[in-house]
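Each chain gets a letter, A, B and so on, in the order its sequence line appears, and its residues count up from 1.
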There are 4 protein chains.
Amino acid sequence: MKQKVMRDEISPVEAPGRGRPRNQQTHDAILDAAREVLRLHGYAGFSIEQVAALAAVSKTSIYRRWPSKGAILIELYMEGLPDEAISESAKSLKAELRRYLLATVERLQDLEWRTILSSLVAESQYDESTAAMLRDKVVMPRRESGLRLLRHAQERGEIEADIDLEVILDMLFGPIWYRLLFVHARIDADFAERLLAQVNLALFYKERVGKAKKR
Amino acid sequence: MKQKVMRDEISPVEAPGRGRPRNQQTHDAILDAAREVLRLHGYAGFSIEQVAALAAVSKTSIYRRWPSKGAILIELYMEGLPDEAISESAKSLKAELRRYLLATVERLQDLEWRTILSSLVAESQYDESTAAMLRDKVVMPRRESGLRLLRHAQERGEIEADIDLEVILDMLFGPIWYRLLFVHARIDADFAERLLAQVNLALFYKERVGKAKKR
Amino acid sequence: MKQKVMRDEISPVEAPGRGRPRNQQTHDAILDAAREVLRLHGYAGFSIEQVAALAAVSKTSIYRRWPSKGAILIELYMEGLPDEAISESAKSLKAELRRYLLATVERLQDLEWRTILSSLVAESQYDESTAAMLRDKVVMPRRESGLRLLRHAQERGEIEADIDLEVILDMLFGPIWYRLLFVHARIDADFAERLLAQVNLALFYKERVGKAKKR
Amino acid sequence: MKQKVMRDEISPVEAPGRGRPRNQQTHDAILDAAREVLRLHGYAGFSIEQVAALAAVSKTSIYRRWPSKGAILIELYMEGLPDEAISESAKSLKAELRRYLLATVERLQDLEWRTILSSLVAESQYDESTAAMLRDKVVMPRRESGLRLLRHAQERGEIEADIDLEVILDMLFGPIWYRLLFVHARIDADFAERLLAQVNLALFYKERVGKAKKR
DNA sequence: TGATAATCGAGACGGTACGTCCGGTCTTGAC
DNA sequence: GTCAAGACCGGACGTACCGTCTCGATTATCA
C-alpha cells in the first residue's frame, strides 16, 4: 500500500481518461527483464537497450514510464521492499533494532537484492536525480523512522537523553552499506548480532554502569 | 615511498632499458587532466576520450599506462594519499584513532578527493578489476593497519581482549563511506569527534565500569 | 528502373510500415558527401568517418544503410550509371559497339566517375564482399549483355560462328580498365575508335577476306 | 642483373662508408615475412606492423629500407620477376609474343604472384608514389619493350606499317590485368593462346587478305 | 685504439579510423 | 494516447596501424 503510493510518485498514474490505456503486462515485462538483466550481467550490463530487448518492448515504452535507469532501479527497490520497516512505536528499542537488523540482513542474502542496492549507489554517482531519489526513497526514510524509534526510547527513558542519535544511525546503517559495496566480509545474522552488540554498548552505557555498581 | 611502490604495482616499471622510455610529462598530463575532468564534470563526464582530449594526448598513451578507468582512479587515489596512514605502533590507541579520523575528515573536505573516492565505488560496480583494486589498495590496507593498531592496544591492555575488532573497524570506516556516498550529512571534524566518542564507548566499556565503581 | 531494382538489392527496402522511416535527405546527404570526399581527397581520404562528418550525419546512419565502404561505392556507381547499357537487340553489331564504347569513354571523361571505378577496384582487393558486388553489379552485367549482343550478331550472320566471344569481350573491356587504373594513356573518343578498329579486324576477318576477294 | 639495378634505385645502396652496415638477413627476413603475410591474409592483412612482427624485426628497420608498403610490393615484384621479359630482338614477332604470353600466364598460376600484382594496383590507388613506381617499374617497361619488338617487326615487314601499335599493346596487356583483378575467368595457357589468336587477326590482317587472294 | 656513425630491437608517441554500443529523442502506422 | 518498431544524432568504447621518435646496445670504419 505504502509502496504503491511511493512508486506512483515516481511514475504517476495520470487520470486514465483519453487514449489507449497503458498495458500492465508491458509494465511488468519491463521490470522482470530489468531484474533478469541485473541478475545475469550485473550493473555493467544493465542498459535500457538490453532491458527493452529482453522484455520484447520498445525503448519508448520504458522511457514513457521511467525517466532514467535510476528510476527503474528505485522501482525495483520499492517492489522488493519487504515489510522490514522499522516499527517506530515498538516497545523495546533493543528488540526492535535486533528484529530490524536481522530482517535487513536476511533480505541481503539475496544476490539480486544486493545488486539492486549497489547499482543504485553506482548510478547515483552518475546521475544527480538518481542520487536524490536514493536519498529520498531509500536512505532518509530508514533514518527518519530509526530516529523516531530512538527518540521514543529516549522519551520513555530506555536510553539516555544525551545519546548522539544521528551518529548512532550512521553506525547502524554505515557498516552494512560498507560491507555491501566493498564485499570484504559477509553480511549475515552473526554480523548483525555483533554489530548490534557494539552499538548497544554505546546506547546503554549508563545501564552498564548501573549494573556494575550493583555488584 | 610506500605509495611509489604501490603505484608501481599498478603500472609496473618494466626493465627500463628497452624501447623509447615513457614520457613523464605525458604521464602527469594525463593524471592532471583526469583530475580536471572529474572536478569539472564529475564521474558522469569522466571518459577516457575527454581525458585524452584535455591532456592533449592520444588515447593509446592512456591505455598504454592504465588498463581501465578504474586503474586511473586508483592512481589518482595513490597520488593523493596523504601521510594520514594509521601508525600501527602508536602508544595511545585513543590518540591515534583521533589523529587518524581527524586527518581523514580533513582530507575529505576536498571535493576533488571525495569525487575520486565515490567514483571508485561507482566504477567498481561496473568493473570487477576495479573492485579488486579498490579492495586491495584502498579498503584492506586501512583495515589491516587498523587491525594491527587495535591488536597492539589489546596486547598492552589498553582495551579488553574480548573486543570485536572486525566490527569496530566496520564502525569506524563504514559511517564515513556512508556519508560520503549518500551525502545526507556533513563529514567534518565535529562528525569525527562524535563518531569517535561512540566508538570509544564500545572500545573502553570496561574502563568506564571501573571508574563508576570508584565513585 | 532497372537500376532501382539493383540498388534495392544492396540496401533493400523492408516492409515500410514499421518504425520511423528512413530519411531520404540523410540518404542523399551521405552519398553527396561520399562523392565530395572522393572528389577532394580521392580513395585515400575516403573514410566513413570523413563522409559522416561532411554529411553531418552519424556513423550509425551510414552503417545502417550500407555495410561497408565498398557498398557505398557500388551505390555511387549505380546512381551514376548512365543509360549507356549495351542494347542487346541492336540491329547492327558494329554500330552498337561503337555507340557503347563512345558513351563509355564519354562517361570516363569525368574524374569523379573514374575515381569511383578505380576505388571500387582497390577496395575489392581488401574486401571480398566488395569484390563480389563489383563482379555481380559492374563487370558481369556488362559482359553478359555484350555476350548476348554478340550472339545475336552471330545468329543473324553478322559475324562468324567461330568467333571467340569471351576473348572478344576481354579485348573490349580489358584495355579500358587497364588505361583507367594505370593512367599511362588517355581514354578518349580517339582511343575508343582505334580500339574498336582493332577489335573489328578480329570480328569481321571473314568479311575482309571476302572484300579482298572481290577486288 | 638488370633487376638488381632497378631494385637499387628503390632502396639504393649508399657508399658503405661509416657505421654499422645493414644486415642482409634482416632485409631477407622482411621480404619473406611480407610474402608470407600476403599469402596468409592477402592485401587486407598486409600491414607494416604485421610484417615487422612476423619478421621479428622492428618497424624502423623496415622504414629504413623502404618508404612505404608500395615500395615493398615493388621490391617483391622485382625479386619475383622471371626472365620472361620480351626479347626485343626476336626474329619472329609471332613466336616471341607467344613465348612471352605463355611465360606470363605460367607465372600467374602462382597465387602469391597474383596477390603481389593486385595489391600493387590497390595500393597505387591510395598512394601516388606507388602509382608512379607501378607505372615506371612494371607497366611501362613491358610496354616499351613490347613497342620496340613491334617496331622491329614493322621495320622488317613482318607486320604492316599502319598497325596501331599502342592499341595493340593495350589489347595484349589489358585483358590479362582485367582477368587478374576481377577474377571472372581463368588465366591459363588456353586463354593466352586464344587472346593471341585474336590479336594476330589484327596484327596480320593483310597477310590473311593475301592468303585469301591466293585461294 | 678510440672516436664516430649507422645499425639493431624495442616500444612510446600523436593521430586517424575502425565498427559497435548505448543514450535519449523522434516519427510512423496500428490499435 | 499508447504500442512496437526503428531511425536519428551524438558520444564513447577499445583496437589496429600509421609513420615518427627516442632509447641502449651493437658493429663497423676511420683517424
Side-chain angles (χ1 to χ4, degrees), chain A residues 14 16-23 25-26 45-52 55-65 67-69, chain B residues 14-23 25-27 45-53 55-65 67-69, chain C residues 14-23 25-27 45-53 55-65 67-69, chain D residues 14-23 25-26 45-53 55-65 67-69:
Chain A
E14 54 281 351
R18 313 265 271 153
R20 174 173 173 177
R22 287 198 182 154
N23 187 345
Q25 286 182 316
T26 302
F46 182 62
S47 70
I48 298 281
E49 210 101 9
Q50 284 295 303
V51 172
V57 142
S58 69
K59 282 199 287 175
T60 327
S61 292
I62 298 181
Y63 282 112
R64 209 174 282 126
R65 289 172 169 80
S68 65
K69 277 201 278 189
Chain B
E14 53 284 347
R18 323 294 276 155
R20 176 174 172 175
R22 291 205 178 144
N23 189 343
Q25 288 182 314
T26 301
H27 184 99
F46 182 62
S47 72
I48 298 279
E49 208 103 7
Q50 283 297 302
V51 172
V57 141
S58 68
K59 281 197 287 177
T60 332
S61 291
I62 298 181
Y63 282 112
R64 212 174 277 128
R65 289 174 167 79
S68 65
K69 281 201 273 192
Chain C
E14 53 284 349
R18 320 296 277 154
R20 177 173 172 175
R22 291 203 179 147
N23 188 342
Q25 287 182 315
T26 301
H27 184 100
F46 182 61
S47 70
I48 299 279
E49 207 102 8
Q50 284 295 303
V51 172
V57 141
S58 67
K59 281 196 288 175
T60 330
S61 292
I62 298 181
Y63 283 113
R64 207 175 284 126
R65 288 174 168 80
S68 65
K69 280 200 276 190
Chain D
E14 53 283 348
R18 310 266 270 156
R20 176 174 173 174
R22 289 201 182 149
N23 187 344
Q25 287 182 316
T26 300
F46 183 62
S47 71
I48 298 280
E49 210 103 8
Q50 283 295 303
V51 172
V57 142
S58 68
K59 282 197 287 175
T60 327
S61 292
I62 298 180
Y63 282 112
R64 210 173 280 127
R65 289 172 168 81
S68 65
K69 278 202 275 191

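- Taking only distance into account, the side chain of C/R20 meets the base of E/dC26 through a donor-acceptor pair shorter than 3.5 Å.
- Among the nucleotides E/dC22, E/dA17, F/dC23, the one closest to the side chain of A/Q50 is E/dC22.
- In terms of position on DNA chain E, the residue among B/S58 and A/S68 whose nearest nucleotide sits closer to the 5' end is B/S58.
- In this structure a side-chain-to-backbone donor-acceptor pair under 3.5 Å is missing from C/K59 to C/A52.
- As rounded to whole Å, 13 Å separates atom P of F/dA5 from atom CG of A/N23.
- Rounded to whole angstrom, the span from the CD atom of B/Q25 across to the C1' atom of F/dC21 amounts to 15 Å.
- Toward the 5' end of DNA chain F, the nearer of the two residues C/A56 and B/S47, judged by each one's closest nucleotide, is C/A56.
- Look at A/T26 and you'll find a side-chain N or O under 4.0 angstrom from OP1 or OP2 of F/dA4.
- Closest to the B/Y63 side chain, of the nucleotides E/dA17, F/dG14, E/dC8, is F/dG14.
- For B/E49 and E/dG14, the CD to P distance is 15 Å, given to the nearest whole Å.
- Distance from the side chain of D/R22 is smallest to E/dC8 among E/dC18, E/dG15, E/dC8.
- The side chain of B/K69 approaches F/dC13 more closely than any other nucleotide in the set E/dG11, F/dC18, F/dC13.
- Rounded to the nearest 0.5 Å, atoms OG1 (A/T26) and CD1 (A/I62) are 10.5 Å apart.
- Within the 4.0 Å cut-off from OP1 or OP2 of E/dG14, at least one side-chain nitrogen or oxygen of B/S61 is found.
- With E/dC18, E/dG15, F/dC23 as the candidates, the nucleotide lying closest to the side chain of B/T60 is E/dG15.
- Minimum atom distance to the side chain of A/R64 is reached by F/dC3, of the listed F/dC3, E/dC13, F/dA5.
- Listed for the B/R65 side chain is no donor-acceptor partner under 3.5 Å among the backbone atoms of B/R22.
- Whole-Å rounding puts the B/I62 CD1 to E/dA12 P distance at 15 Å.
- Side-chain proximity of D/K59 to the nucleotides F/dC13, F/dT20, F/dC17 is greatest for F/dT20.
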